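Let me begin by presenting the structure, written as structure tokens, before commenting on it.
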Amino acid sequence: MHAGAGALGLAAIQLAKQAGARVFATASSAGRLAQLKPFGLDVGINYRDDDFVAQVMAHTDGRGVDVVLDSIAGKNLTRSIQSLAYGGRAITVGVSGRDAEKLDPVTLWRGNTSLHGVYFPSALDREHERVHAQVQRILERVSRGELRVVIDRVFPLAQAAEAHSHVLGRHAFGRVLLRP
């Protein structure tokens, strides 16, 4: 999981751990990685200090991982695919990165890997009932305490620019909310 300290990363870590996975995640500091341990993190990788592909390969004896969740895209997505095991799958769910590098399909072919894109608005439009049922199941798990939602900060709507800066500066751990 990339961006493990973000709202999506925190949810994905918990879901993967509960499904029995060995969970790897990236974050920008040792402190943020330590915060992820109680959520199910097994291997934390500080992307500012370490090459995450090299770390994944070191921790898997050169095999790679079966699934990567990448919300960064660009060069990061190419590197994510390089961290996959033979036949692995990269799932991309957004483009929070700032580079526009295009993906060379040879990157996928070399390891017989696959790339799956997820765009929530399209899923809502085309698979309304399935998506709503899945969201309902997740919310029920939250209400039973099986999944934790972390609210980092709540900003008044008048401070939307400050909230945006807080998120872009990678200071948030979990979700940042705006209150009207």
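Source: prediction; values computed, not measured.
For D104, the side-chain contact (heavy atoms from CB on, under 4.5 Å) test picks out V106, T107, with sequence neighbours left out. The side chain to side chain donor-acceptor pair (under 3.5 Å) test applied to H164 returns no partner, not counting sequence neighbours. Under the rule for a side-chain contact (heavy atoms from CB on, under 4.5 Å), the partners of H116 that lie at least two apart in sequence or sit in another chain are R89, I91, V118. Applying the salt bridge (charged side-chain N to carboxylate O under 4.0 Å, His left out) test to R130 and every residue at least two apart in sequence or in another chain returns E127. Contacts of Y47 classified as ring-ring contact (aromatic ring centres under 6.0 Å, His included), with partners at least two apart in sequence or in another chain: none. A12 is linked by a side-chain contact (heavy atoms from CB on, under 4.5 Å) to M1, L69, counting only residues two or more places apart in sequence or in another chain. Judged as a side chain to side chain donor-acceptor pair (under 3.5 Å), and not counting sequence neighbours, R179 has no contacts. Take N46 and apply the side-chain contact (heavy atoms from CB on, under 4.5 Å) test, not counting sequence neighbours, and it matches L33, R48, D49, D50.
Here the straight-line distance linking atom NE2 of H171 with atom OG of S28 works out to 9.0 Å at 0.5 Å rounding. If you take CZ on F52 and CD1 on I45, they are separated by 8.0 Å, rounding to the nearest 0.5 Å. Distance check, rounded to the nearest 0.5 Å: OG of S143 to CD of Q136 gives 10.0 Å. Rounding to the nearest 0.5 Å places CG of L10 at 10.0 Å from CZ of R175. The CG atom of L103 lies 6.5 Å from the CG atom of L115; values are rounded to the nearest 0.5 Å. To the nearest 0.5 Å, atom OH of residue Y86 and atom CZ of residue R110 are 14.0 Å apart.
With hydrogens and angles disregarded, no donor-acceptor distance shorter than 3.5 Å links the side chain of T92 to the backbone of G117.
In the hydrophobic clustering of this structure, V142 does not group with V135; members are Ile, Leu, Val, Met, Phe, Trp, Tyr whose side-chain heavy atoms approach within less than 4.5 Å, directly or through other members. Put simply, V56 and L84 are part of the same group of oily side chains (I, L, V, M, F, W, Y) that touch within less than 4.5 Å, one to the next. Cluster membership for V93 and F120, using ILVMFWY side-chain heavy atoms within less than 4.5 angstrom, is not shared. Hydrophobic clustering (side-chain heavy atoms under 4.5 Å, transitive across Ile, Leu, Val, Met, Phe, Trp, Tyr) keeps L8 apart from V68. A chain of hydrophobic side-chain contacts below 4.5 Å, direct or via other Ile, Leu, Val, Met, Phe, Trp or Tyr residues, connects V53 to V65.
Applying the side-chain hydrogen bond (donor to acceptor under 3.5 Å, both in side chains) rule to pairs touching residues 5-24 yields K17-D42, Q18-R141, sequence neighbours excluded. Evaluation of the salt bridge (Lys or Arg N to Asp or Glu O under 4.0 Å) test over residues 60-76, restricted to residues two or more places apart or in two chains, returns R63-D66. Listed by first and then second residue, the salt bridge (Lys or Arg N to Asp or Glu O under 4.0 Å) pairs involving residues 26-41 amount to none (not counting sequence neighbours).
At a threshold of 4.5 Å between non-hydrogen side-chain atoms, the residues L77 and I72 do not count as touching. The side-chain heavy atoms of D125 and Y119, taken from C-beta on, include no pair separated by under 4.5 Å. Taking 4.5 Å as the limit, some side-chain heavy atom of N76 sits within range of a side-chain heavy atom of S80. Between L108 and I81, the closest side-chain pair of non-hydrogen atoms falls below 4.5 Å.
Listed here is the closest heavy atom pair of A27 and L36: CB-CD1, 4.5 Å. The two residues G4 and I13 have their closest heavy-atom pair at O-CD1, 3.9 Å. Listed here is the closest heavy atom pair of F24 and L41: C-CD1, 4.0 Å. Heavy atoms only, all atoms of each residue included: A163 and L178 are closest at CB-CD2, 3.7 Å.
Using modelled atom types, one finds a donor on one side chain and an acceptor on the other under 3.5 Å when comparing T26 with H2.
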Show the atom names and distances, to 0.1 Å, of all donor-acceptor pairs under 3.5 Å that link a side chain in residues 150-157 to residues at least two apart or in another chain.
unit_1 : atom_1 : unit_2 : atom_2 : d
D152   : OD1    : F173   : N      : 3.1
D152   : OD2    : H166   : NE2    : 2.7

